[in-house]
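Notes follow once the structure below has been shown.
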Amino acid sequence: MFSNMFPLAAGQATRHARRVYVGGLPPTANEQSVATFFSHVMYAIGGNTAGPGDAVVNVYINHEKKFAFVEMRSVEEASNAMALDGVIFEGGPVKVRRPSDYNPSLAATLGPSQPSPNLNLAAVGLTPGSSGGLEGPDRIFVGGLPYYFTESQIRELLESFGQLRGFDLVKDRETGNSKGYAFCVYQDVSVTDIACAALNGIKMGDKTLTVRRANQGTTQPNPEQESVLLHAQQQIALQRFMLQPGALATKVLCLTEVVSVDELKDDDDYQDILEDMRIECGKFGALLNVVIPRPNPNGEPTPGLGKVFLEYADVDSSSKARQGLNGRKFGGNQVVAVFYPENKFSEGDYEA
C-alpha cells in the first residue's frame with residue numbers, strides 16, 4: 001500500500017536521508033496507523049513539499065523494541081519531519097530522530113538538512129524545540145469522575161472537542177483504581193475554554209463534573225488561532241480511529257471537507273453538486289445513492305450537515321472510492337473518506 005514512489009537507483013541513493021527514526025511507539029502501533037498519522041501531521045504542519053498526496057511511502061516497525069523507520073518521499077520532507085519530535089501519537093509522545101545510517105555530509109548535497117522555519121507546528125500542539133506533555137497554562141483539571149469510568153471512556157468524552165496532547169487519569173498507587181480526577185491538555189489550545197464551559201457541571205451518574213483550567217488566571221489562548229488547526233487534528237483522529245483493527249469496510253462511504261453549508265442552500269447549486277458527485281464518484285463502481293443533508297430553513301440543526309454519503313452496490317466499489325477520494329484536495333481542503341455503518345445509513349441516521 002505504501003509502495004516506493006521513486007526509481008530504484010535514485011531511491012536507494014537518497015533513502016538514508018529520506019528515513020526518520022520514530023521511537024517510543026505504543027504496542028498497538030502498526031505500519032498502517034503510523035503511516036496514516038505521519039502523513040496527516042505532515043500535511044497539517046505544511047511539511048509536504050513534494051506535491052499532493054501522502055508524505056509517507058513506507059514504514060518498517062520493530063514491535064519488540066517499539067520503534068519504526070518512516071520513509072518519506074523526499075529529503076526535504078524527511079527534514080521537516082524532524083520538527084515532529086515529541087508529537088503525541090496514540091496518547092504518548094514519540095521520539096523523532098535521524099537513523100544510524102544517516103550521512104550528514106552526503107545528505108547536505110541531496111536537499112535541506114534542517115526543518116523549514118515556516119512549519120505550522122501549532123497545528124499538532126508543538127512549538128520549535130518542544131515536546132508534548134501536560135505542563136503549561138492550558139492544562140485542564142477534570143474532577144468528579146465516577147470511579148468506574150475507564151480511561152478510554154474519559155478520553156472519548158474529552159476528545160469530542162479535539163485531539164488531546166496529553167492525558168493523565170490519577171490513580172491510587174496501591175490499588176491502581178481511579179481517584180476520580182484527571183488532567184489533560186488539548187493539542188489546539190483554542191478549545192480549552194470551550195471544553196471547560198461545555199463539560200463543567202455535567203451530571204455523570206451520581207456525580208457532577210468539575211472542569212476548569214488547572215491554573216486559574218493564566219493567559220487566555222490566542223483568539224485569532226485558525227480553526228483549520230482543529231479540523232486537521234480531527235481528521236487525524238478520525239483517520240486513526242477508522243484504521244484501527246476491526247474497522248470493517250462497508251458499502252457506504254462518508255465524505256467530509258467536501259461541501260460547505262452555503263453551497264447547499266440554493267436549489268440549483270444543490271442539484272449541480274449532486275450531479276457532480278454522481279458522475280465523479282460513479283467512476284469507482286456502481287453508485288446506488290448519493291445523500292447530502294441540507295440545512296433546515298428554520299435554522300434547526302440538520303443531522304449529518306456538511307457530510308456526503310455514497311452508497312455503492314458492493315464493498316469492492318466503496319473500497320476503490322475510499323482509496324481514490326481520501327486525501328484528495330477539494331476547494332483547498334483535504335477530503336476525509338471513511339466507511340459508514342450500513343444499518344445507520346438505511347435508517348437515515350447520519351450522525352453515527
Side-chain angles (χ1 to χ4, degrees), residues 22-29 33-34 36-38 40-41 44 66 84-96 121-127 130-173 175-202 204-205 207-216 218 221 225 229-244:
V22 179
L25 292 172
T28 55
S33 64
V34 171
T36 299
F37 177 78
F38 275 89
H40 276 270
V41 294
K66 300 179 182 178
L84 294 170
D85 184 37
V87 70
I88 300 299
F89 174 73
E90 293 190 359
V94 293
K95 298 178 181 178
V96 181
L121 296 178
V124 291
L126 296 175
T127 55
S130 76
S131 61
L134 278 165
E135 299 305 320
D138 300 298
R139 185 171 67 148
I140 296 175
F141 168 79
V142 184
L145 292 166
Y147 296 116
Y148 55 83
F149 265 34
T150 65
E151 286 193 40
S152 60
Q153 287 174 320
I154 300 168
R155 287 186 66 99
E156 183 178 357
L157 173 68
L158 296 170
E159 287 183 337
S160 60
F161 296 91
Q163 195 173 10
L164 296 174
R165 180 195 307 173
F167 171 78
D168 179 30
L169 176 61
V170 180
K171 299 178 180 178
D172 185 280
R173 291 185 178 180
T175 65
N177 295 329
S178 166
K179 284 192 171 185
Y181 66 95
F183 295 92
C184 73
V185 177
Y186 284 96
Q187 285 197 4
D188 180 356
V189 296
S190 71
V191 306
T192 300
D193 294 310
I194 298 173
C196 289
L199 294 172
N200 189 52
I202 286 182
M204 288 288 180
K207 291 183 175 291
T208 302
L209 294 187
T210 299
V211 185
R212 56 173 172 77
R213 286 176 179 266
N215 303 309
Q216 294 284 21
T218 55
Q225 186 175 29
L229 305 184
L230 179 58
H231 291 157
Q233 291 152 21
Q234 289 173 335
Q235 288 180 32
I236 294 167
L238 182 60
Q239 285 296 316
R240 287 162 60 196
F241 172 77
M242 291 306 298
L243 289 170
Q244 290 300 313

Could you please spell out the steps behind the side-chain contact (heavy atoms from CB on, under 4.5 Å) verdict for C184 and D168?
CA-CA 6 Å; C184 73; D168 179 30; over 6 Å; no
Residues which pass side-chain contact (heavy atoms from CB on, under 4.5 Å) with T150, listed by chain and number, not counting sequence neighbours
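If we apply the side-chain contact (heavy atoms from CB on, under 4.5 Å) test to T150, skipping adjacent residues, the hits are S152, Q153.
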Counting N and O atoms only, with roles assigned by atom type, does the side chain of Y186 sit under 3.5 Å from a partner on the main chain of A195, one being a donor and the other an acceptor?
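Flag not set: sc Y186 to bb A195 has no pair under 3.5 Å.
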Under 3.5 Å, side chain of T36 to main-chain N/O of S33, donor-acceptor pair present?
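Between the backbone of S33 and the side chain of T36 there is no qualifying donor-acceptor contact (under 3.5 Å).
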How long is the gap from [atom1] on [X] to [atom2] on [Y], to the nearest 0.5 Å?
X: R213; Y: T192; atom1: CZ; atom2: OG1; result: 5.0 Å
X: L164; Y: Q187; atom1: CG; atom2: CD; result: 8.0 Å
X: D138; Y: D193; atom1: CG; atom2: CG; result: 8.0 Å
X: F89; Y: F38; atom1: CZ; atom2: CZ; result: 7.5 Å
X: R155; Y: S160; atom1: CZ; atom2: OG; result: 12.5 Å
X: R139; Y: F183; atom1: CZ; atom2: CZ; result: 5.0 Å

Hey, are the side chains of [X] and [Y] touching, using non-hydrogen atoms and a 4.5 Å cut-off?
X: Y147; Y: K207; result: yes
X: L199; Y: F161; result: yes
X: I202; Y: T210; result: no
X: I154; Y: L145; result: yes
X: F141; Y: V211; result: no

Could you report the tightest heavy-atom contact between [X] and [Y], atom names first, then the distance?
X: S178; Y: L169; answer: OG-CD1, 3.7 Å
X: V34; Y: A29; answer: CG2-CB, 4.2 Å
X: A182; Y: F167; answer: CB-CE1, 4.0 Å

Salt bridge or not between D85 and K95? Use side-chain N to carboxylate O under 4.0 Å.
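Looking at K95 together with D85, the answer is no, because their closest N to O distance does not fall below 4.0 Å.
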Is a salt bridge present between R165 and D188, judged by a nitrogen-to-oxygen distance below 4.0 Å?
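Between D188 and R165 there is no salt bridge, as every charged N stays at least 4.0 Å from the carboxylate O atoms.
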